[in-house]
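First, the structure itself, so that you have it in front of you.
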Amino acid sequence: MFVEMGTGCFHTDFPIDVETGKIAFLMDGTQFNVTFFNEEQAVYVFESEVSGKVKGRIPMIQLLLPEAETFVKIQWRQILLLDVTLDTAIHPEHSVYPFSHINGGYQRWRSFHKAFKRHCNSTVSQLYLWMPLTMKSGEFHYLRLKAKSFA
């Protein structure tokens with residue numbers, strides 16, 4: 001856990017070994033990657049190394065802090081968002097006619113979903129999504145996905 005900032009370094013408390021539950025002592029010069037979230041919850045990673053121990057309110061490890069320009073922003077989500085547009089036909093359960101075709105990503109989907117719930121009076125919860133996928137060869141494969149309407 002981050003404790004305090006120094007000049008060209010920062011201090012953390014000693015890490016706990018997840019297997020033993022005991023404090024893990026890291027030798028000076030030990031190198032590793034540091035991952036952190038900023039105020040906007042963006043995730044960054046940078047290389048650092050142990051440069052010493054510090055006695056303070058609590059025992060701490062001193063780690064080198066490189067220039068901010070060396071930090072690498074990474075995508076760290078359970079769901080990876082891609083900048084891709086897929087035409088999608090939405091079929092309510094027990095209907096052969098699509099309610100709508102949508103494309104344009106998450107925000108368009110949220111707008112569509114609000115309209116869908118108004119149109120169906122929230123009675124249809126089972127949906128089928130049809131998505132055409134274009135292969136490099138030029139042929140199409142159609143995905144038929146079962147989905148549920150969310151609140």
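Here the structure is a predicted model, which is why all the values come from computation and not from measurement.
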Q.
Membership question, hydrophobic clusters at under 4.5 Å side-chain separation (ILVMFWY): are Ile58 and Ile61 in the same one?
A. no
Q) Looking at side-chain heavy atoms only, is the closest gap between Pro59 and Val54 below 4.5 Å? A) no
Q) Among Thr30, Leu26, Val50, which residue meets the side chain to side chain contact (heavy atoms under 4.5 Å, CB included) test with Leu63? A) Val50
Q.
Below 30° counts as parallel, above 60° as perpendicular, anything between as tilted: where do the rings of Phe10 and Phe46 land?
A. perpendicular
(Q) For the backbone of Gln62 and the side chain of Ser51, can you confirm whether one donor and one acceptor N or O come within less than 3.5 Å of each other? (A) yes
Q) Taking atom CG of Asp28 and atom NZ of Lys53, what is their separation to the nearest 0.5 Å? A) 4.0 Å
Q: Could you check Val43 against Lys73 for side chain to side chain contact (heavy atoms under 4.5 Å, CB included), going step by step and ending with a plain yes or no?
A: CA-CA 6 Å; Val43 182; Lys73 187 174 182 180; over 6 Å; no
Q. Side chain to side chain contact (heavy atoms under 4.5 Å, CB included) between Arg57 and Glu4: does it pass, once the steps are laid out?
A. CA-CA 11 Å; Arg57 297 183 328 265; Glu4 62 187 28; 4.1 Å; yes
Q. How far does CE of Met60 sit from NE2 of His11, to the nearest 0.5 angstrom?
A. 6.0 Å
Q.
For Phe36 and Tyr44, take the angle between the two ring planes, folded into 0 to 90°, and tell me which bin it lands in: parallel under 30, tilted 30 to 60, perpendicular over 60.
A. parallel
Q: Measure from the side-chain N and O atoms of Ser48 to the backbone N and O of Leu64, and report whether any donor-acceptor pair falls under 3.5 Å.
A: yes
Q: State, to 0.1 Å, how close Phe14 and Ala24 come at their nearest heavy-atom pair, and which atoms those are.
A: CD2-O, 3.9 Å
Q: Mind checking the CG-NZ spacing from Asp17 to Lys22? Nearest 0.5 Å is all I need.
A: 9.5 Å
Q: Please tell me if the side chains of Ile23 and Ile16 come closer than 4.5 Å, counting only heavy atoms from C-beta onward.
A: yes
Q.
To the nearest 0.5 Å, what is the distance between CD1 on Ile74 and OG1 on Thr35?
A. 5.0 Å
